[in-house]
Amino acid sequence: MYDFRELLNRFWVTREADKELYFALKRAVPEYRKFAREQLGWNLIVDEKAIKLEKVPPRAMPWMGIESFTETLDYCLLCALLLFLADLDDGEQFLLSTLTEALETFLREVRPVDWTRFPHRKALVRVLQYAQEVGLLLVFDGDSGGFGSDREQEVLYENTGLSRHFPVHFGRDILSCRTVEDFEASEGADAERGWQRVRRVYRQLVLSPGLYWSEENSSDYEYIKNQRRRVGKTLEEILGGELQVNKNGAYLIFEQNDRSILTYPESKAITDAALLLCTRLREQIAAGVYQRGCDDLVRLSRREFLHEVERCRTLCGDGWGKVLRELDLDRLCEELTAYMSAWSLLEEQGDDLLLYPAVGKWTGAYPADYQEKNREGDTDGPVEDA
């Protein structure tokens with residue numbers, strides 16, 4: 001059960017990087033293969049090098065990109081790198097100069113690159129560092145980062161052979177797809193009859209903070225309402241979580257002290273700040289400072305949100321990283337708004353912010369003695385007009 005969570009948390013588990021977990025997952029494959037194939041509709045790849053669960057989301061979300069990539073060129077270079085590695089044998093070594101020549105050729109008709117341009121070299125550095133991080137290649141001599149300042153920099157790499165498993169195996173013709181919406185539509189059209197809705201529901205529950213009801217997904221609501229016991233039992237057996245169904249949506253919730261749960265969304269300082277802010281907002285809503293609508297949505301002005309962020313940092317900021325502690329308040333609000341919006345915790349609507357019900361589900365707190373000390377002098381009143 002807990003091993004399968006690691007496949008949801010990680011891009012893949014390699015034998016080289018984590019041998020113990022690799023073999024534990026390999027032994028447990030019969031326990032979760034059916035769930036991955038039928039309920040989630042995902043490919044499970046198991047070979048002598050790695051185990052990978054190809055996680056295809058129900059719909060595209062902002063957080064699903066590669067965090068270190070900042071430009072479209074980064075993704076183009078990554079695709080070209082995968083093409084280059086596909087022609088190499090496992091363990092075959094190559095030089096950076098050989099790679100850059102090949103990338104120029106691959107991208108000439110798609111997105112030409114010029115290594116005399118600093119932004120293009122930095123883009124390749126980001127791609128190479130990411131490739132090293134996930135295990136696509138190994139560095140034997142040199143430093144990939146040096147290429148950013150010196151295009152004559154030479155580095156010796158080795159192909160690990162994992163590149164063949166990096167792309168998603170869609171199992172259908174995608175040549176006609178030009179947009180994200182095309183991919184989503186093609187999957188729905190090709191899905192096995194009767195399984196499309198099931199897979200959409202399970203994917204949403206395991207990959208997102210919550211599955212909210214709306215007119216567009218009324219069929220999903222009907223499925224969960226009618227199959228609540230079955231869905232809950234399946235998720236509990238495979239992941240250990242509890243399915244909670246409210247009038248506004250469905251949520252997969254884990255025990256507070258369960259440290260092996262899916263990392264939501266990741267172990268970063270901004271994540272801690274967001275979860276602590278959710279706790280603060282939940283308390284204020286429960287105290288009647290902000291009113292819930294009939295659909296459990298809560299509307300805040302940006303000024304009210306800024307006030308709550310400020311109070312949260314005052315109460316809990318000592319436990320944050322230096323960057324967040326010292327960040328300008330307006331900038332901190334922008335960072336938290338963007339982060340929480342990407343994770344379906346809130347939605348920006350003009351001058352207001354609409355808080356989703358998951359704000360009351362995904363919360364965080366410091367130990368009781370820390371909270372008690374820092375709550376002295378705290379007030380839960382609304383923001384006063386200037």
Margin query: Please determine whether residues L138 and L162 belong to a single hydrophobic cluster, defined as Ile, Leu, Val, Met, Phe, Trp and Tyr linked transitively by side-chain heavy-atom distances below 4.5 Å.
Written below: no
Notebook entry, point to check: How far apart are the closest heavy atoms of Y223 and V231, and which atoms are they?
Noted result: CE2-CG2, 3.8 Å
Item checked: Side-chain (N226) to main-chain (E222) donor-acceptor, under 3.5 angstrom -> yes
Item checked: L332 CG to L336 CG distance, which is reported to the nearest 0.5 Å -> 4.5 Å
Notebook entry, point to check: In terms of side-chain heavy atoms, does S144 have a donor or acceptor partner in Q132 at a distance below 3.5 Å?
Noted result: yes
Check: Are V180 and L78 in one and the same hydrophobic cluster, where Ile, Leu, Val, Met, Phe, Trp and Tyr link if side-chain heavy atoms are under 4.5 Å apart?
Finding: no
Margin query: Please check: side-chain N/O of R126 versus main-chain N/O of F69, any donor-acceptor pairing under 3.5 Å?
Written below: no
Next item on the list: Supply the atom-to-atom distance E348 CD to L354 CG, rounded to the nearest 0.5 angstrom.
Entry: 11.5 Å
Checklist line | Main-chain N/O of L324 paired with R313 side-chain donor or acceptor, under 3.5 Å | finding: yes
Notebook entry, point to check: Does W42 belong to the same Ile/Leu/Val/Met/Phe/Trp/Tyr cluster as I45, with side-chain heavy atoms less than 4.5 Å apart forming each link?
Noted result: no
Check: Should we count CZ of R230 as having more than 12 external heavy atoms under 6.0 Å?
Finding: no
Notebook entry, point to check: Can you tell me if K55 uses its side chain to pair, donor with acceptor, with the backbone of R203 under 3.5 Å?
Noted result: no
Item checked: Side-chain heavy-atom pair S97, W115 within 4.5 angstrom cut-off -> no
Item checked: Rounded distance (nearest 0.5 Å) linking atom OG1 of T160 with atom CG of L136 -> 6.0 Å
Check: Would you call D18 and R10 a side-chain contact if the rule is heavy atoms closer than 4.5 Å?
Finding: yes
Next item on the list: Inspect the contact between E334 and R331 and indicate whether a charged nitrogen and a carboxylate oxygen are less than 4.0 angstrom apart.
Entry: yes
Notebook entry, point to check: Do R280 and E283 meet the salt-bridge criterion of a basic N to acidic O distance under 4.0 Å?
Noted result: no
Next item on the list: Work out which heavy atom in S163 is nearest to a heavy atom in A86; give both atom names and the distance.
Entry: OG-N, 4.3 Å
Check: L239 and V206: side chain to side chain contact (heavy atoms under 4.5 Å, CB included), yes or no, with the steps?
Finding: CA-CA 9 Å; L239 299 174; V206 302; 3.8 Å; yes
Next item on the list: Locate the shortest heavy-atom distance separating G364 from L276; write the atom from each residue and the value.
Entry: O-CD2, 3.5 Å
Note to self: So that I can tick it off, tell me whether R108 and E104 are bridged by a salt bridge, with the cut-off set at under 4.0 angstrom between side-chain N and carboxylate O.
What the structure shows: no
Item checked: H120 (side chain) donor-acceptor with D114 (main chain) under 3.5 angstrom -> yes
Notebook entry, point to check: In the single-linkage hydrophobic clustering (I, L, V, M, F, W, Y; side-chain heavy atoms under 4.5 Å), do V168 and L7 co-cluster?
Noted result: yes
Checklist line | Side-chain donor or acceptor of R178 paired with backbone N/O of L175 under 3.5 Å | finding: yes
Next item on the list: Would you name the heavy atoms of A250 and L205 that are closest together and state the gap between them?
Entry: O-CD2, 3.8 Å
Check: Above 12 or not: heavy atoms from other molecules or residues under 6.0 Å from CZ of R37?
Finding: yes
Notebook entry, point to check: So F118 and R121, side chain to side chain contact (heavy atoms under 4.5 Å, CB included) or not? Walk me through it.
Noted result: CA-CA 5 Å; F118 176 74; R121 297 198 306 274; 3.7 Å; yes
Item checked: Closest approach of L25 to Y32 (non-hydrogen atoms, all atoms of both residues) -> O-OH, 2.7 Å
Item checked: Any donor-acceptor pair under 3.5 Å from D182 side chain to T179 backbone -> yes
Item checked: Heavy atoms from other residues, nucleotides or ligands near CZ of R282 exceed 12 (cutoff 6.0 Å) -> no
Next item on the list: Kindly indicate whether the side chain of T100, heavy atoms from C-beta on, has any atom under 4.5 Å from the side chain of F147.
Entry: yes
Notebook entry, point to check: Which atom names give the shortest non-hydrogen contact between Y251 and G210, and what distance separates them?
Noted result: CD2-CA, 3.7 Å
Next item on the list: Examine L277 and V323 and state if one hydrophobic cluster contains both, with Ile, Leu, Val, Met, Phe, Trp and Tyr joined whenever side-chain heavy atoms are less than 4.5 Å apart.
Entry: no
Notebook entry, point to check: Hey, are the side chains of N246 and K361 touching, using non-hydrogen atoms and a 4.5 Å cut-off?
Noted result: yes
Checklist line | Aromatic ring proximity F84/F106, centre distance under 6.0 Å | finding: no
Checklist line | Polar side-chain atom of E31 near backbone of A28 as donor-acceptor pair, under 3.5 Å | finding: no
Next item on the list: Return yes when atom CD of E20 has more than 12 non-hydrogen atoms of other residues, nucleotides or ligands closer than 6.0 Å, and no otherwise.
Entry: no
Check: Do the non-hydrogen side-chain atoms of R151 and T116 ever get within less than 4.5 Å of each other?
Finding: yes
Margin query: Please determine whether the number of non-hydrogen atoms from other residues, nucleotides or ligands lying under 6.0 Å from atom CZ of R292 exceeds 12.
Written below: no
Next item on the list: Report yes or no: does Y212 contribute a side-chain atom to a donor-acceptor pair with the main-chain N or O of S344 at less than 3.5 Å?
Entry: yes
Check: Side-chain contact, heavy-atom cut-off 4.5 Å: R15 with K49?
Finding: no
Check: Quick one: are E71 and P119 in side-chain contact, heavy atoms under 4.5 Å?
Finding: no
Note to self: I need the R299 CZ to Y290 OH distance, nearest 0.5 Å.
What the structure shows: 14.5 Å
Item checked: Between CG on residue L346 and OH on residue Y339, distance to nearest 0.5 Å -> 12.0 Å
Next item on the list: Check the pair I51, W12 against side chain to side chain contact (heavy atoms under 4.5 Å, CB included), reporting the backbone distance first and the verdict last.
Entry: CA-CA 6 Å; I51 299 177; W12 52 28; over 6 Å; no
Check: What distance separates L96 CG from E152 CD, expressed to the nearest 0.5 Å?
Finding: 10.5 Å
Item checked: side chain to side chain contact (heavy atoms under 4.5 Å, CB included) assessment of I238 paired with Q39 -> CA-CA 11 Å; I238 300 296; Q39 275 76 22; over 6 Å; no
Item checked: Sub-4.5 Å side-chain heavy-atom contact between T234 and Y202 -> yes
Item checked: Side-chain (N43) to main-chain (H169) donor-acceptor, under 3.5 angstrom -> yes
